[in-house]
Structure formats: structure tokens, C-alpha cells
Amino acid sequence: EPEVTQTPSHQVTQMGQEVILRCVPISNHLYFYWYRQILGQKVEFLVSFYNNEISEKSEIFDDQFSVERPDGSNFTLKIRSTKLEDSAMYFCASSRGLAGVKFFGPGTRLTVL
Amino acid sequence: RKEVEQDPGPFNVPEGATVAFNCTYSNSASQSFFWYRQDCRKEPKLLMSVYSSGNEDGRFTAQLNRASQYISLLIRDSKLSDSATYLCVVKLNNAGNMLTFGGGTRLMVKP
């Protein structure tokens, strides 16, 4: 069964450093997303991406965040200057169509020290 | 008011029990509804979509009441493997296709 993959599984970084989280969506999917979940809290939407551009973003997704699809398979989330409060689990998801079921990747646990 | 509200639990039930979870949502423009399951420190996984007519998948039954903005999930004959957090999720019919998650209801099924 096809699945969304994410690397790394765990990233530890110092405050102020840049991090790039990587995702490989399911191959025939066209819509890509990033969500995050701070420990003990609910899953929160960050951004959706379609046709090489952002289609929607939340208030959390400020200028420190950016997304990119650098090639035909990868979908990345960059945090330019990490803050302590960026520590969370970051989930990538993809769906085939707008109404399609979203499949989530296993997540990257980001720890900012 | 929270956009999607759930009782956090935990619900502690014996194996074989029937358990029901409820969820309310605040945005009447919500178009699609889902129950996801999340195991500890894992990703959310779709359990089932929720349709206006109600739907059943094996031991799981989901109901939607648009007038009351209320969604339910019923689990019959609980198994130990049903222990997880159940997330109520709604989607607006917008371009971004974003999902709004509830905080989840934790279920612990005991032998």
C-alpha cells in the first residue's frame, strides 16, 4: 500500500537555526499539506499546496515558514529561524483530489533547544 | 468557542463493551466530517468518513446531525486494539481543503 514518508523522524536543533523537514507524498497525489501537533495538543493545519503554489495557510504559517516542491517527488517545509515554541510533531499529508482522503506521514519530531 | 469540541476522556471500558463518543463543531459551513484514530506519538489515520445518512463499518457506526452540528462514533464489542485517541475532524468546502481537528477522545479498553 502506498504511503507518505517523512525524514528525518527526529530533528534536534538550536534556537535560531534553520531546519528543513522532508516529505515524499504518495506518487499520484496532487494536493500536499503540512500539519503540526504540539505535545498534548490538537493537530493544527499549517499549509496546503497545489499546482506548485500555496492554496491556503493558517495564522501559524508566518514568514518564518516556507514550503517547496523542489522536484517531482519531494515536498519540504522550511523553518527559517526556529523558536522554542516550534517544537512539535510535524505531519505531512497528501490527497489525490480536493475531496480526497488525506493520508498522513509518520511525522518528524522537531525539538528546538 | 472551540471549532471542534470533544470530551478528552479517558474512557476506560472493558473488552466487549459498547462505547460512544460525541463531537460538536461550530462552523455551520463545514461540509465533510471524519473520524481519525491516533495512536500514541503516531500519525492520524482515517477511521471513517461520516455521512448525513449515517454509516457503518464493521463494529464502528458514525452519525451526523447537521441541525445540531453534532457527530458521533459508536464502537461495539470493543477490542484491546481499539485503545487509542479518536479525533473528530471537519472540513470546510474551500480551496485549501484544510482539516480542523478536535482535541481527541482517549479510549482505553481493558481486559
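So that the names make sense, note that chain A is the first sequence line, chain B the second, and so on, each numbered from 1.
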Student: Are A:Ile26 and A:Val24 linked, directly or through other ILVMFWY residues, by side chains that come within less than 4.5 angstrom of each other?
Tutor: no
Student: Considering only heavy atoms from C-beta outward, does the side chain of A:Lys42 approach that of B:Gln6 to under 4.5 Å?
Tutor: no
Student: Flag yes if A:Phe61 and B:Phe101 sit in one hydrophobic cluster, no otherwise; membership is Ile, Leu, Val, Met, Phe, Trp, Tyr, and two members link when side-chain heavy atoms are under 4.5 Å apart.
Tutor: no
Student: As an exercise, state the distance from CE of B:Met98 to OG of A:Ser58, rounded to the nearest 0.5 Å.
Tutor: 7.0 Å
Student: Any heavy-atom pair between the side chains of A:Arg109 and B:Arg41 that's under 4.5 Å?
Tutor: yes
Student: Hey, would you say the A:Phe104 and B:Tyr36 ring centroids sit under 6.0 Å apart?
Tutor: yes
Student: Using a cut-off of 6.0 Å, state whether more than 12 heavy atoms not belonging to B:Tyr51 lie near its atom OH.
Tutor: no
Student: Indicate, with yes or no, if B:Tyr86 and B:Val19 share a hydrophobic cluster defined by side-chain heavy-atom contacts under 4.5 Å among Ile, Leu, Val, Met, Phe, Trp and Tyr.
Tutor: yes
Student: Answer with yes or no whether the side chains of B:Gln38 and A:Gln37 bring together a donor and an acceptor at under 3.5 Å.
Tutor: yes
Student: What part of A:Leu39 is in contact with chain B, defined as an atom under 4.5 angstrom from a non-hydrogen atom: side chain, backbone, both or neither?
Tutor: side chain
Student: Any chance you could measure A:Phe91, atom CZ, to B:Lys42, atom NZ, to the nearest 0.5 Å?
Tutor: 10.0 Å
Student: Are any side-chain N or O atoms of A:Tyr35 and backbone N or O atoms of B:Leu99, one a donor and one an acceptor, separated by less than 3.5 Å?
Tutor: yes
Student: Within a 6.0 Å radius of atom CG on A:Asp63, are there more than 12 heavy atoms belonging to other residues, nucleotides or ligands?
Tutor: no
Student: Are A:Tyr90 and A:Tyr33 joined in one hydrophobic group, where the rule is that I, L, V, M, F, W and Y side chains link up if heavy atoms are under 4.5 Å apart?
Tutor: no
